[in-house]
Amino acid sequence: MNQPQKPIHFALTTPLYYVNDVPHIGSAYTTMAADAIARFHRLQGKNVLLITGTDEHGQKIQRTAQSQNIEPQQHCDKIAARFDDLWQKLNIQYDRFSRTTAPKHEKIVKEFFERVSNNEDIYLDRQQGWYCVSCEEFKDERELTSEKHCPIHTNKKAEWRDEENYFFRLSKYQDRLEHLYATRPDFIQPPSRRNEVLSFVKGGLQDFSISRINMDWGFPIPVNPEHTIYVWFDALLGYVTALLDPEDDPTLEKALKNAWPINLHLIGKDILRFHAVYWPAMLFSAGLEIPDRVFGHGFLTKNGRKMGKTTGNTIDPFDLVDRYGADAVRYYFLKEIEFGQDGDFNENRFVTVLNADLANDLGNLLNRTLGMAKKYCQAQVPDLTGEAIATDNPLKNQGIAITPKVIQAYEALNFTQACEHIFDLIRACNKYIDEQAPWSLYKQKQQDRVEQVLYAVLESVRLSAYLLAPIVPDLSQKVYQQLGFSADFNNPTCLNEQLQFEQHSAWGILPPKQVLQKAKPIFPQLELSEE
Ligand code: MSP
């Protein structure tokens, strides 16, 4: 553990999920996207730090534990383990799992609070207002329904609070925040979310309370232990605690030494205000740098309707993965729903998309091409290199053009577009085979042409699998394996040694005469198996 740490090139976070309940599809969605981005950067040889974790304090969690007659910590341990289970099932390669009940986190929160307090940004005042326990947030009365229900948690009534709280002087940072948004237009993405934040901030920022009384599930305020630190003030700092190496003393200095500022906070649109307004202001106050980018994705619905336990309109991510596999779930949500927009889950559509893209367009293509290679080329890659393929070969041209486009799409977190570019190439391969008809060429004894065609297709399939690996790593692995490679997309060492980006993201690297494996379906034809 005393070896020098490798510098981090890219650090990103998912939200730290509330442990009031087992993970839902919304948490899975953000985490799948984060994992795909992390894998894309790792594929490029970067040292990545993917941070996820759980947000374990606050009234919502305290009440859940009470209702089950167990200690809050015991409840948190149980649910945090369920998150980890889901991440294993979904093939999420996280580097840090930050839990806000960790003792080291308390030290970080205390030190941060003191910095902000020394900067005279904390004061005691009276807080009156409507509090939504499910959001853990005070709501403006205008936002509530006539029955005082929260717009997000429409089955829950907001609670009236009138108590003394410590406040954070957010209003002091109005100008600095506006300056931040103006000078770093990419700080909040996509643009629609940025506009939401700009108009909220333009309306004038008000100080917000950062302590609660009569609620002890959280850290005490250092100067007044009757008060408990507000769950959001505590939770955002979980991103900082996550940066500590296991052997580090829990200090801000140690935590921030190698991966600060965070490059990307990935969140859902409902928690944008906390990340794009409160969080940078807290960091300004503590004299710390601001993260590079906050991306707020959209909300998922099921069959066109809002999801919710009370209505029974839910998607259980565990069940979905059990029935269809991790790659299927990852592919559907990342390809089918434009990242940043709201999107719908419909099981018929799910099955149709997966069968069309993965089982048919890609799976059958590999299958039939390997079949022909076996018949016409002794189950080997034809004895050619990419350079030997004619410069006007359509697959070669498209293959060369696609990588920069896919890189650009991943960098913009546009998974849909990355997949579209890749599947354009895959569909072009199917068309090319049909047009070239290698079986006829073979009958006509045009072996050279047969080999040219098969090389171009096999190589295009390889490149497609490589570029899809951040989204469907197991599927890419199977394609690579059948093409005769032994490297593993799930193994970071292989990424750096046998699957190097510079080489594998280029068209034309499939080694001549590489022995091909037996064709096996890489993705099963799915049938609707509604619960
Ligand atoms: N604990 C806070 C985050 C603190 S971060 C320092 C929290 N947790 S949460 O578990 O309620 O929400 C986690 C994520 O799930 C959020 O990004 C939220 O947007 C996302 N989703 C919750 N429901 C969702 C959908 N129906 N659709 C997509 N994502 C949604 O907030």
Side-chain angles (χ1 to χ4, degrees), residues 12-34 51-61 64 76 79-80 82-83 86-87 96-101 105 108-109 112 132-137 150-154 156 193 196 217-218 229-243 262 264-280 282-283 291 294-309 311 313-317 329 332-334 336-345:
L12 75 165
T13 68
T14 72
L16 305 184
Y17 301 109
Y18 284 131
V19 290
N20 59 305
D21 207 344
V22 292
H24 53 70
I25 196 71
S27 353
Y29 182 52
T30 326
T31 311
M32 290 187 285
I51 296 167
T52 188
T54 40
D55 181 357
E56 307 189 355
H57 286 135
Q59 193 137 39
K60 172 158 69 170
I61 287 149
T64 312
C76 293
I79 305 284
R82 296 294 285 151
F83 277 89
L86 183 60
W87 304 155
R96 295 283 158 85
F97 193 106
S98 190
R99 294 185 56 185
T100 58
T101 52
H105 181 58
I108 294 289
V109 173
F112 189 91
C132 170
V133 175
S134 296
C135 293
E136 293 282 15
E137 186 182 16
C150 152
I152 300 175
H153 302 96
T154 42
K156 303 254 170 68
R193 305 271 177 262
E196 274 169 38
W217 184 235
I229 293 186
Y230 172 43
V231 59
W232 267 101
F233 192 87
D234 156 352
L236 288 160
L237 287 163
Y239 297 141
V240 174
T241 306
L243 300 174
I262 297 281
L264 172 66
H265 287 306
L266 213 57
I267 54 165
K269 63 180 183 180
D270 55 327
I271 54 175
L272 189 62
R273 205 174 283 180
F274 292 101
H275 285 80
V277 184
Y278 296 10
W279 181 223
M282 286 163 60
L283 294 168
V294 175
F295 190 101
H297 65 67
F299 254 47
L300 303 173
T301 50
K302 184 182 175 193
N303 300 329
R305 290 191 298 125
K306 186 174 178 281
M307 283 189 278
K309 266 196 159 174
T311 53
N313 193 42
T314 55
I315 305 167
D316 174 4
V329 178
Y332 178 83
F333 285 101
L334 296 179
E336 196 52 23
I337 294 162
E338 199 154 323
F339 203 58
Q341 312 282 319
D342 292 342
D344 190 48
F345 173 86

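As the structure lists them, so they are numbered: ligands from 1, and atoms in each ligand from 1.
- Taking the six-membered ring for Trp and the full ring otherwise, His297 and Phe333 have centroids separated by 6.0 Å or more.
- In terms of the salt bridge (charged side-chain N to carboxylate O under 4.0 Å, His left out) criterion, Glu136 has no residue partners (sequence neighbours excluded).
- Judged as a side chain to side chain donor-acceptor pair (under 3.5 Å), and not counting sequence neighbours, Thr64 has no contacts.
- If you look at Tyr278 and Phe233, their ring centroids are not closer than 6.0 Å.
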Measure and list all N/O to N/O distances between ligand 1 and the protein that fall under 3.5 angstrom.
from	atom 1	to	atom 2	distance (Å)
ligand 1	1 (N)	Leu16	O	2.8
ligand 1	1 (N)	Asp55	OD2	2.7
ligand 1	10 (O)	Tyr18	N	3.2
ligand 1	17 (O)	Gly268	N	2.8
ligand 1	19 (O)	Asp270	OD1	2.4
ligand 1	26 (N)	Leu300	O	3.3
ligand 1	27 (N)	Leu300	N	2.8

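- Aromatic rings of Phe295 and Phe339 (six-membered ring for Trp) have centroids within the 6.0 Å cut-off, being under it.
- Not counting sequence neighbours, the partners of Lys269 by the side chain to side chain contact (heavy atoms under 4.5 Å, CB included) test are Arg193, Phe299, Asp342.
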